[in-house]
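For reference, the structure discussed in these notes is given below.
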Amino acid sequence: MATVRTRFAPSPTGYMHIGGMRTALFNWLWARHNGGTFILRIDDTDQQRNIDEALGPILRAFKWLGLNWDEGPEVGGPFAPYFQSQRGELYRAAADRLLREGKAYRCFETKEQIEQDRKLAEAEKRQYVSQRRSLELSEAAIQQFVAEAKPHVVRLLVPRDQKVVIQDHIRDRVEWDAALIPDPVIMRSDGSPLYNFATVIDDAHMQITHVIRAEEHLSNTPIQVLLHQALGHTLPEFAHIPYVAAPGSKEKLSKRKLEQYRKNVAFKRMCDKGDAVFPQIGLGGCGGLDPVMVEYYERVGFLPAGVLNGLLRLGWSLDDKSEIFSLDDAVKQFTLDRVIKAPAGFDPDKLLSYQQHWMTQLSLDEKVAGCLPYLVKAGLIVGQVSSLPSQEGQVENVPLETREFVTRLITALGDRIKLFSDILDNAYFFREEVVYDEKEFSKRVAKEGVAALLSGYRDRIAELPEWSVETLEAALKSHCEANGQSPGTLIHALRISTTGVPIGPGVYECLLLVGKARSLRRIEAAVQRVTG
RNA sequence: GGCCCCGUCGUCUAGUUAGGCCUAGGACACCGGAUUUUCAUUCCGGCAACAGGGGUUCGAAUCCCCUCGGGGUCACCA
């Protein structure tokens, strides 16, 4: 069998859709699984805008996730160029050939005429097909129209006497009746190709063996098959994978319906994370990011492995128990026959659970490296986020002392860091002042006898020659015993006084992290706040 | 509406090709409980599904038929 060649062909929209990323991943995996080639081709036949700006985020997503492409933008390849906007010659030549061979025709009908035909067909409850009036034009008349530059499109002459059948890797046999297919436009009146046409030319030219794409393209398939046949190409194999659905629904996940998705609890939680994090790291207006975009996950501090694992399991499974896959595992085990047929609803919670798993696999240094940029951007520590694109996400010029402190903090935080941006929930270790959780403060500090207990403990540890978990704990135990109070009372009060919140590492760790001088000041302040 | 696709716990899914190993398994979420005097982790336990109806069969989630439901697509978009 020939080498497997797959492609992903995004149009430059300015962002990478998470569902599109899943399609790209499946293409990439199938190529890698077979030791084949993965191609990135840019479908920009309809784009007049700034390509660099619109393509940047897409390439960025591939790079972030580590899905390299063998041929395409930046790397070139034997079938360059990989931008459809630069392949016009190829399409024109193919269209001319079809025209010459009588497999396509120039259609001079106006949009109004066609619209009318369509309405009539609808009124008569029959399927609309092209009326092909231009076919009755004489050769001379056509030549004259062309010479006059009379506006027209080129349409494929659909052979109405046949059935189109494909053997889809996922859907098995699918059949259409060509008699019901209107003649598709393949070249616009401005001479540019349409998607279906350009795709067919390019897939054949680039020797694509497997067309793996979302099922919304299933209805394009008969047209493409007909086109391949008209051009004498061997058909690629098709695999129409289900689209990624909106959380808790079967509808295609769409960027336009964000507000609606927010009604879903898990999706809202995911949105809230960005809303909380982005303003802190200088992404005003959340940087225009949302959870439908791959970049959202990068910016909010996901790991590529977490996102990849989540995407892989959306519509694919190996067996009845395997959940965790590294990219290498996925390459080894991915096959098209294990792709599910039904649309898979995007589940932010499940994605988070994969993320959580992969976070535990990180070394301490890797965690620190991932968290530092957030602290720098939020202005909690000094340092610089590298400006080199290749070093994106790296920081430099962080004082050694600071780095050591952050390392200690992250060690103490342990599993509490699920996303790199979670480090920002610990700002009170970096700032002078604390912000109290008022409810907790009144519950645990502003209580009868607690201020005195705190104050006494403060005096006691102020005298301590050495602060360590052991000495602080011993001091607390004996202080509570001497005052006839339960250790819990003091522990909670201490935590709220020194960090402001009822969550975080062990209280003695907190004390050490906050530091002796600052801890004493904070306890004093909390006592003052209660006693006036 | 036409064409096409799909239908197992709330969600992701195993099981359907070769009917019995399925009183339907796992994971996420949720709810309990244990550990951690917080939180998170970890560990135990619980809740929860074959869209419906007919067949075929000793036996059906699995095979056949019908119904219902959901979705995709119907452009000089991709």
Side-chain angles (χ1 to χ4, degrees), chain A residues 9-13 20 43-47 84 107 111 114-115 118 121-122 125-128 151-155 168 170-172 174-177 180-182 184-196 198-199 213-222 240 242-243 245 247-252 264-266 269 310 313-324 337-338 340-354 356 360 413-418 422 425 440 444 476 486-492 494-496 499 501-507 510:
Chain A
S11 59
T13 52
D43 278 16
D44 55 351
T45 55
D46 194 45
Q47 307 292 324
Q84 291 191 325
C107 173
K111 282 183 188 171
I114 289 181
E115 187 50 34
R118 204 167 235 127
E122 198 175 322
K125 289 188 196 258
R126 58 179 166 78
Q127 177 78 351
Y128 164 81
H152 66 279
V153 296
V154 177
R155 288 181 190 274
D168 191 274
I170 290 149
R171 274 150 230 289
D172 213 53
V174 186
E175 180 182 312
W176 297 266
D177 186 351
L180 303 177
I181 303 174
V185 173
I186 59 177
M187 295 294 268
R188 296 187 181 91
S189 48
D190 68 358
S192 65
L194 261 93
Y195 163 76
N196 273 325
T199 295
R213 53 165 44 155
E215 70 166 295
E216 66 226 53
H217 286 285
L218 194 51
S219 53
N220 283 322
T221 306
H240 286 93
Y243 55 86
S249 110
K250 292 293 178 206
E251 267 174 59
K252 198 166 73 167
N264 177 284
V265 186
R269 257 202 300 267
R313 287 287 288 98
L314 205 53
W316 182 87
S317 71
L318 177 66
D319 52 32
D320 60 343
K321 49 180 81 70
S322 307
E323 292 286 343
I324 300 299
D337 63 322
R338 297 295 309 178
I340 286 308
K341 288 174 154 185
F346 173 64
D347 183 355
D349 276 337
K350 189 123 188 181
L351 180 63
L352 209 52
S353 81
Y354 292 117
Q356 204 171 317
T360 65
L413 253 14
D415 294 321
R416 293 172 187 84
I417 302 280
K418 297 186 164 70
D422 288 343
D425 296 339
E440 288 294 322
R444 322 232 74 142
L476 185 134
S486 83
T489 308
L490 219 201
I491 287 172
H492 289 123
L494 206 48
R495 171 183 297 287
I496 303 301
T499 71
V501 292
I503 55 172
V507 71
C510 286

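Naming convention: chains lettered A, B, ... in sequence-line order (proteins, then strands); numbering from 1 in each chain.
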Ignoring backbone atoms, test whether R338(A) places a side-chain nitrogen or oxygen under 4.0 Å from the OP1 or OP2 oxygen of rA14(B).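 Looking at the OP1 and OP2 atoms of rA14(B), one of them is under 4.0 Å from a side-chain N or O of R338(A).
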Between the base of rC39(B) and the side chain of R416(A), is there a donor and acceptor pair under 3.5 angstrom?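 Under the 3.5 Å cut-off, the side chain and the base do form a donor-acceptor pair.
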Who pairs with [N] - Watson-Crick or G-U, where each distance is under 3.5 Å:
N       : value
rC22(B) : none
rC28(B) : rG10(B)
rU38(B) : none
rG2(B)  : rU73(B)

For nucleotides 66-76 of chain B, 5' to 3', base contacts (B), sugar-phosphate-only contacts (S) and non-contacts (-) with protein non-hydrogen atoms under 4.0 Å give ----SSSSSSB
Heavy-atom protein contacts under 4.0 Å, nucleotides 22-32 of chain B, coded B base, S sugar-phosphate only, - none: ---BBBSS---
Using whole Å, report how far NZ of K341(A) lies from P of rG15(B).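 Spelled out: NZ on K341(A) to P on rG15(B) is 13 Å.
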Are R155(A) and I186(A) close enough that some pair of their side-chain heavy atoms sits under 4.5 Å apart?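 Contact flag for R155(A)/I186(A) side chains = no.
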Between A342(A) and H492(A), who's closer to the 5' end of RNA chain B by nearest nucleotide?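 Closer to the 5' end of RNA chain B: A342(A).
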The test is salt bridge (Lys or Arg N to Asp or Glu O under 4.0 Å); show your working for K350(A) and E323(A) and say whether it passes. CA-CA 10 Å; K350(A) 189 123 188 181; E323(A) 292 286 343; 3.6 Å; yes
Flag, side chain of D168(A) to backbone of H240(A), donor-acceptor distance under 3.5 Å: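 Side chain of D168(A) to backbone of H240(A), a donor-acceptor pair under 3.5 Å: yes, one is there.
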Using the C1' atom in both, what is the distance from rU36(B) to rU42(B), to the nearest Å?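 10 Å, rounded to whole Å.
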